[in-house]
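These notes are about the structure you will find just below.
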2 protein chains.
Amino acid sequence: MVKLSARSLDRLFHALADQTRRKILVTLSRGESTVGELARPHKMSLAAVSKHLGVLETAGLIDRKRVGSFQVVNLRAESLQTANKWLSFYEKCWGQKLNALQDLLEKKK
Amino acid sequence: MVKLSARSLDRLFHALADQTRRKILVTLSRGESTVGELARPHKMSLAAVSKHLGVLETAGLIDRKRVGSFQVVNLRAESLQTANKWLSFYEKCWGQKLNALQDLLEKKK
DNA sequence: GTACAATTCAACCAAATGGTTAAATTAAGT
DNA sequence: ACTTAATTTAACCATTTGGTTGAATTGTAC
């Protein structure tokens, strides 16, 4: 099992629980981007998008680095890997439950 | 790709973004349980746990049925399967990003 | 039908969330 | 230095969240 504190998981799932933030992640999965570019497709202020990026950053899902006068945003591979492992664990855990149910249904037949 | 509305995903991830609710899910993965049993290990009121169950139910992660004077709570296999598929998609999506990065690193060497 | 046990509902509260606008920061170009 | 562009910060606001307590509901047992 991956070592992730409860707080980290809270932050991770909370970050994913918003469509705007999920869209940003999907955009970033196609390559790095500036804040302005990320904001353009969303009809909300730049400040709002900046806040969403803050949430994603605290969750460890992205990082920002300054390049010239721009902030360049990237998915954080390391953190994604950890997230992936956690998700896999639960997939397995829930999968077992699923299998148990299916076994039960088989027996009933 | 699994058909899940943005609102459903919001609810799903929001439901997972709380330690108490995650613990409840883990408990339930070991088998069905009553509300009282689920509440006992948590030091908060029964009403609070009942609310958490409401969140999990709205997210489609559990269902409740009355058995005698108890409410029996179960993981909802169907919904879990959908959730699993969605998570898998993102694992793959993020995995590709990860691979792209690794390829890039390989090329640099 | 009275009493009790399991659970939910209602009303309330403090803190966090997701948005706004306006001011502050930071770097680039002239 | 001055201006402009990119982004963040600050102050604010409405709504949602996660908890509380006390009353209402629903089913069991007498």
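Proteins come first, then strands; the chains are lettered A, B, ... in the order of their sequence lines, and each starts at number 1.
A heavy-atom distance below 4.5 Å is found between the side chains of A:K65 and A:N74. The shortest distance between side-chain heavy atoms of A:S45 and A:K51 does not fall below 4.5 Å. Proximity of B:V73 to B:T34: side-chain heavy atoms (C-beta onward) are nowhere separated by under 4.5 Å. Side chains of B:I62 and B:E57 form a contact here, defined as non-hydrogen atoms less than 4.5 Å apart. In this structure, A:M44 and A:H52 have side chains that are in contact, with non-hydrogen atoms separated by less than 4.5 Å. Side-chain contact between B:H14 and A:L16 is absent, with no heavy-atom pair separated by less than 4.5 Å. A:R64 has its side chain out of reach of A:V72: every pair of non-hydrogen atoms, C-beta onward, lies at least 4.5 Å apart.
Rounded to a whole Å, the CG atom of B:L46 is 13 Å from the P atom of C:dC9. Nucleotide C:dA16 holds its C1' atom 13 Å from the CG atom of B:D18, rounded to whole Å. Between the C1' atom of C:dT7 and the CD atom of B:E57 lies a distance of 13 Å, rounded to the nearest Å. Rounded to whole Å, atom P of C:dA16 lies 15 Å from atom NE2 of B:H14. Per the geometry, CD belonging to A:Q71 stands 16 Å off P belonging to C:dT25, to the nearest Å. If you take CZ of A:F70 and C1' of C:dA28, they are 10 Å apart, rounded to a whole angstrom.
B:R66 has no side-chain polar atom (N or O) that falls below the 4.0 Å cut-off from OP1 or OP2 of C:dA6.
Each of A:K43 and A:S69 was assigned the nucleotide of DNA chain C with the nearest heavy atom; the assignment lying further toward the 5' end belongs to A:K43.
In terms of hydrophobic clustering, with Ile, Leu, Val, Met, Phe, Trp and Tyr side chains grouped at heavy-atom distances under 4.5 Å, A:L56 and A:V49 are assigned to a common cluster.
Near DNA chain C, meaning a heavy atom under 4.0 Å away, the residues from residues 47-56 of chain A are A:A47, A:A48, A:K51, A:H52.
Here A:D10 pairs with B:R22 under the side-chain hydrogen bond (donor to acceptor under 3.5 Å, both in side chains) rule; sequence neighbours left out.
Running 5' to 3' along DNA chain D, contacts with non-hydrogen atoms of chain B at under 4.0 Å begin and end at D:dT17 to D:dT28.
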